[in-house]
Each structure stands twice: as C-alpha cells, then as structure tokens.
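Every number for a ligand or one of its atoms is a count from 1 in the order of the listing. Values reported hereafter were calculated over all heavy atoms of this structure, with side chains retained and with hydrogens, waters and symmetry mates removed.
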Amino acid sequence: MRIAMISEHASPLAVLGGEDAGGQNTHVAELATALAAAGHDVRVYTRRDSVALPVSVRTAEGYEVVHVPAGPPEPVGKDTLLPYMEPFADWLARWWGSGGWAPEVAHAHFWMSGLAALSAGRRTGVPVVQTYHALGTVKRRHQGTRDTSPAGRVDYERALGVSVDRIVAQSRDEVRELVAMGVPRSRMTVVPSGVNLRAFTPVGPVADRADGLARVLTVGRLVERKGFQEVIRAMRAVPDAECVVVGGPPAGAIDDDPHARRLRALAAACGVADRVRLVGAVPREEMGRWYRSADILVAAPWYEPFGLTPLEGMACGVPVVGAAVGGIVDTVVDGLTGDLVPPRDPDALGTAIRRLLTDRERRFAYATAALDRARERYSWTRTAGQLAEVYAAVTAARRPTRVVA
Ligand code: UDP
C-alpha cells in the first residue's frame with residue numbers, strides 16, 4: 001500500500017532530546033520502518049527546517065523522508081507552525097495531484113499535520129487517519145496560562161475528530177479525553193505505540209555506573225511536565241542511589257539550558273546534588289545502554305499521551321515506577337510490571353522507589369513480567385499490522401460500491 005505519513009514538526013531523522021524532539025519523532029521513524037519492512041511504500045512528509053536538507057531522502061530502513069517547503073527553512077517552535085500548514089497542504093496537494101506518486105492513505109501525526117493532511121486529502125481524494133500524540137485540553141489543564149499552543153487548538157482538534165476518516169488513539173485515557181471533547185467513540189480505534197525490540201533488549205552493552213550506588217534512571221525532554229523535579233525531590237527519601245536524567249541538549253550544552261539549571265538548583269536545595277547527574281541528549285542507538293544500567297526506570301510526568309520511555313525500559317527488563325497518567329496506566333501493570341503512583345507526588349514516588357530498591361525479588365519479578373509484556377503486546381510489527389488494517393478499512397470505505405444489476 002502507498003502510505004503517506006505527515007509529521008510537520010517531528011522528523012524521523014531528527015536528533016532527540018531537544019524541546020520539540022521526542023516520542024513523536026521516534027514513533028514516526030519506527031512506524032515507517034515497520035510498515036516498509038512489511039512491504040508498504042512509505043513516504044514521511046515533514047517541514048523543511050534547514051537549507052541544508054534535500055527535498056527527499058531515502059533511508060536505510062526503506063522509506064523516504066520528504067522535506068516540505070512551508071515557512072522559513074530554519075527551526076521554528078511547533079507552537080508557531082500553524083500559519084505554515086496551508087502552504088504545507090498546498091504543496092502536498094500539488095504533488096499528490098500531479099500524476100506522480102500519490103498515497104492511498106495519509107496518516108497524520110499531531111493536530112497541525114491533521115489540518116494539512118485533511119486539506120490536501122480533500123483536494124486529492126486521499127483518506128486521512130489521525131493520531132493526535134497530545135491533546136490541547138490536557139495540555140491546557142496542566143499548563144494553564146503557560147500553555148503556548150495556538151488559540152483554537154482544542155476546536156481544531158475537535159473538528160478534526162469529526163472530519164477525518166479514522167482516529168487512532170494510543171491509550172484508553174486518550175479515548176476518554178476525546179469523548180469528553182465531543183468526538184464520538186465510534187470514530188476511534190485504539191492502537192498503542194510499539195517499542196523497538198531489537199534496540200531495546202535486556203542483554204547488551206551497559207553505561208558506566210558509580211560504585212556503590214543504585215541507579216534510578218529517568219528519561220525525556222527537559223521540560224517541566226516530564227516531572228524531573230519530582231524525581232529529584234523524591235531522591236531525598238532514597239539513600240545510596242543516584243538519579244540519572246537522560247535528555248535535553250547535548251552534554252556540552254546542558255549547562256546553558258534554563259530547565260537544567262533549575263533542576264541543578266533544586267537538587268542542591270534538596271541536598272542531593274552529589275547524587276543527581278544530568279547526562280544530556282543521548283543518541284537513540286545508545287539509549288539501550290542507559291536503560292540496562294538502571295535498577296529502576298522512573299517515569300513521573302504530570303501527564304503523558306503515551307510515554308515511550310517506560311516501554312523502552314520494560315523491553316530492557318527494567319522495572320518501572322511510573323506516574324498513573326495517560327498511556328502509562330496501560331503499559332505499566334501496577335504490582336505486576338512496576339508500581340504506579342499519583343502524579344506530582346514526590347513523597348509517594350520516593351516511597352515507591354525506596355521500597356522497590358530494597359526488594360530485590362520484587363524487582364526481578366517486575367523485570368521478567370515487564371519484558372514479557374513488552375514483547376507480547378508492543379512489538380512494532382504488531383502495531384504496524386494493526387495500523388495497516390485501519391488503512392485498508394478507510395481506503396475500502398472510500399471506494400465506490402459497485403452496484404450489481
Ligand atoms: N530519547 C532519546 N534520547 C534522549 C532522550 C530521549 O533517544 O536523550 C528518546 C526516548 O528513548 C524515547 C523518546 O525520545 O524514544 C521520548 O519519548 P516519550 O514518549 O517518552 O516522550 P515525548 O518526547 O514524546 O513527550
């Protein structure tokens with residue numbers, strides 16, 4: 001099948017860990033890889049954000065990345081990209097309608113991509129599948145006036161929900177949120193993200209560890225809602241352990257990052273500065289070393305549409321202490337593959353981490369069950385197969401039915 005993926009701000013080729021580069025980039029890269037491996041013809045359309053980028057790049061994984069000229073060819077924060085979605089759509093419509101390569105289905109990632117895909121799809125007859133990755137209602141609830149999303153985001157997301165051919169939600173929590181927004185449940189299919197089971201394995205190289213200290217690892221973009229400040233506060237209750245934070249700008253530039261500076265100041269104020277280490281961005285292919293070096297992976301976001309890092313930790317056989325939010329409630333089974341605690345509660349987090357670090361048997365049992373669960377339920381092959389069924393269904397639904405005389 002010819003599949004277009006639209007991912008306006010999140011290129012599958014981007015370096016991860018920066019403010020706007022995280023799970024969506026990984027998701028799109030892995031999904032495109034798995035679909036290409038299954039024999040599909042996949043093109044990923046992302047905004048051209050550097051003059052150095054060629055129009056199109058063929059990846060070693062067998063899919064193509066097309067850099068769409070829309071807006072200035074330089075990095076632009078994702079919250080200011082909305083005005084460029086119409087030129088993005090015009091470009092897609094022109095290419096898809098030119099008689100050359102045209103997709104049978106377009107899968108949009110994030111709401112702005114959805115607008116572009118829908119606009120181009122309407123002009124060219126291409127059906128659209130939408131994955132939100134994050135929802136404006138949730139962001140506004142947690143960030144209040146600090147939410148820099150464009151005005152109208154929630155209305156756009158609702159309008160997309162009733163206009164696209166199919167919504168692919170990634171968790172039960174996302175379904176609940178969408179229903180509360182007024183999007184009918186019948187328009188949604190739940191397909192969770194996958195995890196790369198070749199990159200994330202229990203056996204392999206391990207990052208260096210400090211002598212005599214257990215390791216609590218936490219991973220993600222250095223933004224407030226990832227809850228690293230709660231993890232640092234929790235470390236007061238966890239003696240003999242270091243907290244390693246992976247993500248943010250590259251190691252050399254981490255001291256210039258304002259959130260990194262806040263985290264360091266907090267660690268000093270909590271008296272744990274000597275046990276908190278900010279590693280900075282780690283290339284995707286080296287992430288497994290860091291997960292494998294951990295006794296526990298902590299994922300303590302305030303909210304989380306899906307949350308790849310707990311799943312990556314699980315696939316490396318690492319028990320997870322997670323905040324009971326979003327997709328983490330689906331991936332981490334409380335008391336079986338890890339422990340869930342309320343979000344933004346450093347005391348509960350500290351207690352859970354300490355308890356698990358002092359209980360070797362429980363850690364072993366969680367790790368074994370976590371690995372099983374990641375392998376059984378969350379392979380990209382399985383996810384890509386489920387999505388291919390969705391694509392086939394929306395394409396078939398668009399085909400005119402033949403009237404048999
Ligand atoms: N990641 C990475 N290097 C880093 C930090 C993060 O490769 O230095 C990857 C991480 O392995 C995961 C993704 O970025 O695949 C983060 O995804 P998640 O869903 O946890 O968070 P998001 O960024 O989507 O909010």
Side-chain angles (χ1 to χ4, degrees), residues 7 9-34 78-79 109-111 131-135 138-139 142-143 149 170-171 173-174 192-201 207 217-228 231 244-254 257 259-260 263 277-294 297-316 318 320 322-323 325-332 343 374 378 380 383:
S7 183
H9 72 276
S11 167
L13 306 177
V15 177
L16 302 186
E19 195 168 327
D20 281 346
Q24 188 179 324
N25 307 67
T26 308
H27 180 97
V28 170
E30 298 286 3
L31 177 55
T33 301
K78 72 169 183 269
D79 288 336
H109 298 267
F110 201 59
W111 66 279
T131 295
Y132 290 96
H133 289 274
L135 287 172
V138 182
K139 194 167 184 194
H142 289 277
Q143 300 198 344
S149 301
Q170 294 189 294
S171 70
D173 187 59
E174 188 182 352
S193 190
V195 61
N196 185 330
L197 294 170
R198 276 186 310 280
F200 298 106
T201 53
L217 177 71
T218 187
V219 177
R221 292 173 292 126
L222 276 193
V223 293
E224 194 179 31
R225 71 115 169 148
K226 288 291 178 185
F228 299 132
V231 187
V244 172
V245 182
V246 165
I254 192 124
D257 183 275
H259 195 56
L263 292 177
R277 185 171 153 205
L278 306 185
V279 171
V282 166
R284 197 183 308 174
E285 55 284 3
E286 283 181 27
M287 285 303 299
R289 301 160 57 98
W290 288 93
Y291 287 117
R292 282 188 289 268
S293 76
L297 176 78
V298 174
W302 297 358
Y303 64 94
E304 190 60 274
F306 183 75
L308 277 173
T309 65
L311 209 46
E312 291 170 348
M314 287 164 70
C316 290
V318 180
V320 178
V325 293
I328 300 177
V329 181
D330 289 353
T331 46
V332 176
Y378 296 101
W380 272 111
T383 296

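Residue G248 has no nitrogen or oxygen atom sitting less than 3.5 Å from a nitrogen or oxygen atom of ligand 1, judged on distance alone. Taking any N or O of G23, backbone or side chain, at least one lies under 3.5 Å from an N or O belonging to ligand 1. At least one N/O-N/O distance between V282 and ligand 1 falls below 3.5 Å.
Heavy-atom separations between Y291 and ligand 1 include at least one value shorter than 4.0 Å. Contact analysis puts R225 in contact with ligand 1, with a non-hydrogen atom separation below 4.0 angstrom.
From H27, atom NE2 reaches atom CZ of F306 across 8.5 Å, with rounding to the nearest 0.5 Å. To the nearest 0.5 angstrom, R284 atom CZ is 9.0 Å from N196 atom CG. Taking CG from N25 and OG from S7, the interatomic distance works out to 6.5 Å, rounded to the nearest 0.5 Å.
The ring-ring contact (aromatic ring centres under 6.0 Å, His included) check on W290 picks up nothing, with sequence neighbours excluded. Here E286 pairs with nothing under the side chain to side chain donor-acceptor pair (under 3.5 Å) rule; sequence neighbours left out.
In the model, T131 has no side-chain atom that pairs as donor or acceptor with a side-chain atom of Q170 under 3.5 Å.
With ligand atoms numbered from 1 in the order given, ligand 1 contributes 20 (O) to contacts under 4.0 Å with heavy atoms of T309. Taking every heavy atom of G307 and a limit of under 4.0 angstrom, the matching atoms of ligand 1 come to 19 (O). Proximity to V246 (heavy-atom distance under 4.0 Å) selects the following atoms of ligand 1: 8 (O). Set against the non-hydrogen atoms of G247, the atoms of ligand 1 under 4.0 Å away are 5 (C), 8 (O).
One option in E304, K226, H133 has a heavy atom closer to atom 25 (O) of ligand 1 than any other, and that option is K226.
Note on ring orientation: taking the six-membered ring where Trp is involved, the planes of H9 and F110 are perpendicular (angle over 60°, cut-offs 30° and 60°).
Here T26 has side-chain heavy atoms under 4.0 Å from ligand 1, and that is the only part of it that gets that close.
A donor-acceptor pair is defined here as one N or O able to donate and one able to accept, closer than 3.5 Å; such a pair exists between the side chain of T218 and the backbone of V298.
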